[in-house]
Amino acid sequence: MIVAIDGPAGAGKSTVARRLAERLGFRYLDTGAMYRALTWLAMQRGVPLGEGEKLAVLARAEPVTFDKAGRVLIAGTDVTATIRETRIDRMVPVVARHHEVREVMRERQRELGQRGDVVIEGRDIGTVVAPNAEVKVYLLADRDERARRRSAERPGIGTDALATDLKVRDQSDAERMQPAADAEQIDTTHLQVEDVVDRIQEMVRAIRTQQMGTASGSQA
Ligand code: CDP
């Protein structure tokens with residue numbers, strides 16, 4: 001089964017998706033980390049972020065991997081912490097905008113998502129990467145609340161600066177990515193992580209029950 005979790009920055013995707021995967025015993029795939037890692041590598045190697053073809057070649061040559069502990073690796077380097085820096089936050093959409101880059105990334109995401117049960121988080125999972133996902137969720141939250149959450153993850157950066165960054169990134173991402181029409185939208189502004197996870201877990205349970213019913217129905 002594929003559970004697709006999409007939504008803007010700070011809506012709680014990562015925390016919820018990780019926790020859900022843990023509870024269900026599913027694998028977890030963070031597609032944002034893949035775009036982040038590529039952005040880091042391109043900056044490191046001086047590949048111009050405006051050149052989609054060159055970035056796609058780099059993405060193909062240096063695929064992002066995740067180890068068992070959830071660390072993010074690219075070109076032999078552990079970039080788990082570095083890719084969460086503000087300089088990367090700001091540049092990822094510039095890299096992720098190129099269709100050449102997205103093609104390479106989506107192909108790899110489908111490959112990684114193919115084996116068994118998985119929770120995949122991103123922006124375009126329910127629409128493009130896994131349009132057949134059995135469960136699709138789109139997480140939302142007020143921008144102020146999202147900036148507050150982000151400031152807990154980015155100590156040292158003011159909430160105002162983070163709110164501006166979110167606004168710029170929201171605009172750039174929204175030009176290309178919309179919620180799937182059949183995704184369940186959950187506003188997390190006033191919800192606790194565990195409540196959101198409970199709701200999605202309930203959706204998974206309902207789908208499973210339905211699938212079991214269909215399977216036993218076809219045997220009869
Ligand atoms: O947690 P947050 O939303 O800040 O970041 P993320 O999920 O790691 O995504 C970082 C950026 O990568 C987003 O702002 C998008 O520009 C891009 N992205 C994308 O284009 N498609 C995805 N499936 C995931 C991320």
Side-chain angles (χ1 to χ4, degrees), residues 2-19 21 28-43 49-50 52 55-56 59 64 66 70-72 74 79-113 118-131 133 136-141 143 145-154 157 159 161-180 183 188 193 196:
I2 297 182
V3 180
I5 302 194
D6 289 303
K13 290 188 308 288
S14 298
T15 322
V16 165
R18 237 188 230 115
R19 186 82 189 92
Y28 162 66
L29 178 61
D30 177 358
T31 63
M34 298 171 70
Y35 288 100
R36 286 173 178 275
L38 177 64
T39 304
W40 174 84
L41 187 63
M43 288 165 78
L49 303 190
L55 292 166
V64 181
F66 298 90
R71 281 185 293 255
V72 188
I74 192 166
V79 293
T80 317
T82 333
I83 59 171
R84 305 291 160 192
E85 289 173 6
T86 312
R87 67 189 178 105
I88 304 290
D89 289 339
R90 292 183 181 145
M91 298 321 284
V92 193
V94 178
V95 169
R97 180 181 301 146
H98 301 288
H99 69 90
E100 301 95 330
V101 169
R102 303 198 72 81
E103 270 162 36
V104 179
M105 289 301 193
R106 286 168 169 166
E107 196 181 304
R108 174 115 177 103
Q109 288 158 12
R110 289 192 189 107
E111 244 172 59
L112 293 171
V118 63
V119 177
I120 312 182
E121 99 163 78
R123 296 279 194 295
D124 55 349
I125 309 307
T127 47
V128 186
V129 175
K136 293 185 191 180
V137 174
Y138 193 87
L139 298 182
L140 303 154
R143 194 177 282 141
E145 175 59 24
R146 294 196 280 121
R148 264 195 296 276
R149 290 178 189 168
R150 239 333 103 97
S151 68
E153 296 166 358
R154 304 279 190 277
I157 318 263
T159 312
L162 285 168
T164 308
D165 282 358
L166 282 186
K167 194 170 167 189
V168 172
R169 197 140 63 94
D170 281 355
Q171 277 163 354
S172 155
D173 288 343
E175 279 168 24
R176 293 169 291 113
M177 293 170 285
Q178 298 292 325
T188 72
V193 169
V196 181

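Numbering of ligands and ligand atoms starts at 1, following listing order.
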Decide salt bridge (Lys or Arg N to Asp or Glu O under 4.0 Å) for R150 and D165; before the verdict, give the C-alpha distance in whole Å, the side-chain angles of both, and the deciding distance to 0.1 Å. CA-CA 10 Å; R150 239 333 103 97; D165 282 358; over 6 Å; no

What one should report as the nearest heavy-atom pair of R169 and A9 is NH2-CB, 3.3 Å

I want to check something: taking the side chain as every heavy atom from C-beta on, are R19 and V119 in contact at a cut-off of under 4.5 Å? no

Where is the nearest protein heavy atom to atom 12 (O) of ligand 1: which residue, which atom, and how far? V92 CG1, 3.2 Å

Kindly indicate whether the side chain of I125, heavy atoms from C-beta on, has any atom under 4.5 Å from the side chain of I5. no

protein heavy-atom neighbour closest to atom 15 (C) of ligand 1 works out as D173 OD1, 3.3 Å

Tell me, do V72 and R36 make a side-chain contact under 4.5 Å, heavy atoms counted? no

Please work out, at 4.0 Å between heavy atoms, whether the side chain, the backbone, both, or neither of M105 comes within that distance of ligand 1. neither

Test salt bridge (Lys or Arg N to Asp or Glu O under 4.0 Å) on E153 and R149 and set out the steps. CA-CA 7 Å; E153 296 166 358; R149 290 178 189 168; over 6 Å; no

Suppose we measure from atom 3 (O) of ligand 1 to each protein heavy atom; which comes out shortest, and what is that distance? R123 NH2, 2.8 Å

With atom 1 (O) of ligand 1 as the reference point, say which of R150, M177, R106 has the nearest heavy atom. R150

So with a 6.0 Å cut-off around CE of M177, is the heavy-atom count from everything else above 12? yes

Region of Q109 that comes within reach of ligand 1 [heavy atoms, distance under 4.0 Å]: neither

What protein heavy atom lies closest to atom 18 (N) of ligand 1? Include the residue and the distance to one decimal. Y35 CD1, 3.7 Å

Looking at L139, D30, V16, which hits side chain to side chain contact (heavy atoms under 4.5 Å, CB included) with E121? D30

Atoms in ligand 1 flagged as close to R102, the criterion being non-hydrogen separation under 4.0 Å: 19 (C), 20 (O), 21 (N)

Going by the atom numbers of ligand 1, which of them fall below 4.0 Å from some non-hydrogen atom of G32? 6 (P), 7 (O), 8 (O), 9 (O), 24 (C), 25 (C)

Taking distance alone, with N or O pairs closer than 3.5 Å, would you say D30 contacts ligand 1? no

Who gets closest to atom 17 (C) of ligand 1 by heavy atom: A96, A9, S172, A37? A96

Are any non-hydrogen side-chain atoms of Q109 and I120 less than 4.5 angstrom apart? no

Validation row: D173, P93 side chains within 4.5 angstrom (heavy atoms): yes

Of the listed options (D124, I5, V168, T127), which comes nearest to atom 23 (N) of ligand 1 when hydrogens are ignored and any heavy atom counts? D124

The atoms of ligand 1 lying under 4.0 Å from a heavy atom of P93, numbered in the order shown, are 16 (O)

M34 and ligand 1 - part of the residue with a heavy-atom distance under 4.0 Å: neither

Specify side chain, backbone, both or neither for R169, according to which of its non-hydrogen atoms lie closer than 4.0 Å to ligand 1. side chain

I need the nearest protein heavy-atom contact for atom 5 (O) of ligand 1: residue, atom name and distance, please. R36 NH2, 3.0 Å

In ligand 1, which numbered atoms sit nearer than 4.0 Å to a non-hydrogen atom of T31? 22 (C), 23 (N), 24 (C)

State, with a plain yes or no, whether a side-chain heavy atom of T86 is found less than 4.5 Å away from one of R154. yes

